[in-house]
Amino acid sequence: MTFYSYKGGVGRTMTLANIAVLLAQRGFCTLAIDWDLEAPGLEQYFDYFESQTSPAGLLSYLTEVGANLEAGTEPPDFSNYLWTVDVQGKMPLQLLPSGRTASPESYAANLEAFEWQHFFESGGGHFLEQLRNQWLADYDIVLIDSRTGLSDTGGICTIFLPDVLVAMFTPNHQSLYGIRSVIEMAQRGRQKLAYDRMPLNVLPILARFASTAEFRLSQEWLDRSAEVFGSILGDWIPQWIEPRKVFERLRIPQVDYFSFGERLAVVEESATELSSIAYVMERLSDLLASDFRDLEGALGSIARRPEGWQEVKFRVLSEGAKRLEQSSPSQWHYDIYVSYSYQSSALTRWIDVFIDSLSAYLALELPAPPRIFLDRERLDPNSVFSEALSETMSRSKLLLAFLTPSYFASEWCHREWDTFERREQKMAPKLRRSSFVHSSENHSLIKPVLLRGQKSRPEKLLRHMPWDASQHVNLSDPEAAIRHPEMARLIQELATQIARTLEAIPDSDSM
């Protein structure tokens, strides 16, 4: 399990140290590794306990392994580099530190001299695979503290080694969207490995969360976290659990006391206090130790399957039109309904990255985070689920349409487009009277984004000027395409126009 953060100051090493102590105390054979070679210090969290130390650490070990691989001799045994920490529980904790404390004077020079490219060219990749297999055989759980940002060591720790990626972030855009990009890179990178790997389980953790000081902002960031990572959490939470509830229960609070020095909350705090760091560490340990199976231990009662859940789900879908007639027409469920013709998962991923960037810009323009609906499965319009999607359309303020040559050949895309075009004609008088409207702005309820050229421009499109993103549809690297200055400018301008249109839309589409 790799603990990773895109930015520093997240509390990543502290979290790993707390969880390592809890797991060892519970009787799990646990190995903790300080792979943050550029900024090490994991061992300093264990000053509470007696330790049997080694004169070296991970950097010395990798250096000797590289020399032996080049010479064709047997690599040294990694157990000779371990510390044994008595955490006063059922099992001692095994620790593989960086080795900096053994010789601080020479550590920096040795780190500068070590070259990962040379290490892999000498057979280091095959060796690390064998080492990983040995760790899996010798330990119940291996916890790896990774370097922040984008680096060679970060790639090893996020792509090559882990089965689980604990992705930590704080409530700011750089941290949130940076970690999201790294998760996507790691998931793609694993598909290219020469070694078999199971799909990567990802546990995103919102850290240093000060919910008491700014309640409104804290709620917005819980919503934003759930929106960005909802699909990732969907890999291991059942459908009845709302992603936001996961962040509510597993967020790590900001406690100023633990900002000073290297302190362990599981040693100094009571885990019975719901607002304590120790309480959250207990829950995270439950989740990780059970390989995501003990959801009730980690999340509480929300993990229990609701009685009659299947029947309720079917009833909601099949009676959607009836509920719509009986419900109040003044409540919108979504700000934006995303429409596109499904062609490949690669195109869907590009659209996901586009929407993530658009959401970030919209968050700066709107008083609350945008509510965006995206049907990633593109259900059959004749299926039993289409009624629920029709209801979702009726509860969405505007349409964001991604145009490809097959878009207007799709019956469902036609239906989505026509729904919003009819509403736009119906709402036009109200839009014009809105105090938010500026005459120079286009307040159409349809915002088309052109991804690929049309052989002929349909009549429907003649009434709308699309935003042309066709020069930046790079399916192999969507993050790089979206970061292009021209593309960033297009998304920012689109966000501004969407925000103005959302402000101009009345609370109800009824006349």
Side-chain angles (χ1 to χ4, degrees), residues 3-19 21-22 39 41 44-45 145 148-149 166-183 202-230 232-233 242-288 298-300 302 356 359-371:
F3 287 65
Y4 175 85
S5 61
Y6 178 72
K7 302 287 286 186
V10 172
R12 181 195 70 248
T13 304
M14 180 196 73
T15 302
L16 184 152
N18 276 278
I19 291 175
V21 169
L22 286 175
Q44 296 179 37
Y45 281 93
D145 190 21
T148 60
V166 180
M168 299 186 61
F169 64 100
T170 51
N172 65 70
H173 289 93
Q174 295 178 65
S175 187
L176 174 70
Y177 292 104
I179 198 75
R180 169 63 186 266
S181 296
V182 170
I183 290 171
V202 179
L203 172 59
I205 298 177
L206 180 55
R208 297 198 181 281
F209 193 74
S211 58
T212 56
E214 291 286 351
F215 178 78
R216 183 183 64 81
L217 286 175
S218 70
Q219 299 307 299
E220 290 178 4
W221 275 98
L222 286 172
D223 290 336
R224 191 168 298 159
S225 301
E227 181 182 337
V228 170
F229 294 115
I232 292 171
L233 291 176
E242 297 178 19
R244 191 184 193 278
K245 298 292 186 182
V246 176
F247 286 104
E248 287 178 355
R249 283 159 173 76
L250 299 182
R251 64 192 181 191
I252 300 176
Q254 170 66 23
V255 178
D256 291 343
Y257 174 77
F258 292 101
S259 299
F260 299 95
E262 289 78 17
R263 300 180 181 276
L264 289 177
V266 297
V267 174
E268 299 195 29
E269 274 190 323
S270 169
T272 60
E273 294 291 335
L274 300 184
S275 60
S276 69
I277 292 179
Y279 176 84
V280 179
M281 295 302 166
E282 291 274 4
R283 303 289 74 77
L284 292 172
S285 298
D286 290 337
L287 189 63
L288 295 174
L299 302 176
I302 66 166
D356 283 347
S359 298
Y361 283 115
L362 281 171
L364 302 176
E365 300 268 358
L366 299 172
R371 299 164 298 174

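Note: hydrogens, waters and symmetry copies are ignored here, and every other heavy atom, side chains too, is used.
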Taking the side chain as every heavy atom from C-beta outward, state whether [X] and [Y] have any atom pair closer than 4.5 Å.
{"X": "F209", "Y": "L222", "value": "yes"}
{"X": "Y45", "Y": "L16", "value": "no"}
{"X": "L284", "Y": "L203", "value": "yes"}
{"X": "D223", "Y": "R371", "value": "no"}
{"X": "R224", "Y": "H173", "value": "yes"}
{"X": "D145", "Y": "R12", "value": "yes"}
{"X": "P253", "Y": "I277", "value": "yes"}

Work out which heavy atom in [X] is nearest to a heavy atom in [Y]; give both atom names and the distance.
{"X": "S276", "Y": "S270", "answer": "OG-O, 3.1 Å"}
{"X": "V10", "Y": "A207", "answer": "O-CB, 3.4 Å"}
{"X": "F247", "Y": "P204", "answer": "CE2-O, 3.7 Å"}
{"X": "G11", "Y": "M168", "answer": "O-CE, 3.8 Å"}
{"X": "A278", "Y": "A265", "answer": "CB-O, 3.6 Å"}
{"X": "N18", "Y": "R263", "answer": "ND2-O, 4.5 Å"}

In Å and rounded to the nearest 0.5 Å, what is the [atom1] to [atom2] distance from [X] to [Y]?
{"X": "Y4", "Y": "I179", "atom1": "OH", "atom2": "CD1", "value": "5.5 Å"}
{"X": "T15", "Y": "I205", "atom1": "OG1", "atom2": "CD1", "value": "6.5 Å"}
{"X": "I19", "Y": "E282", "atom1": "CD1", "atom2": "CD", "value": "10.0 Å"}
{"X": "M14", "Y": "M281", "atom1": "CE", "atom2": "CE", "value": "4.5 Å"}
{"X": "I252", "Y": "L206", "atom1": "CD1", "atom2": "CG", "value": "8.5 Å"}
{"X": "L366", "Y": "E220", "atom1": "CG", "atom2": "CD", "value": "10.5 Å"}

F229: ring pair (Phe, Tyr, Trp, His ring centres under 6.0 Å) partners, not counting sequence neighbours: F169
Between [X] and [Y] (side chain of the first, backbone of the second, donor and acceptor by atom type, cut-off under 3.5 Å), is there such a pair?
{"X": "S175", "Y": "K7", "result": "no"}
{"X": "R208", "Y": "G9", "result": "yes"}
{"X": "R249", "Y": "L299", "result": "yes"}

Q44, CD atom: more than 12 neighbouring heavy atoms under 6.0 Å: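 Correct, the count exceeds 12.
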Donor-acceptor pair between Y257 and E268 side chains, under 3.5 angstrom: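 Yes, a side-chain donor-acceptor pair sits under 3.5 Å.
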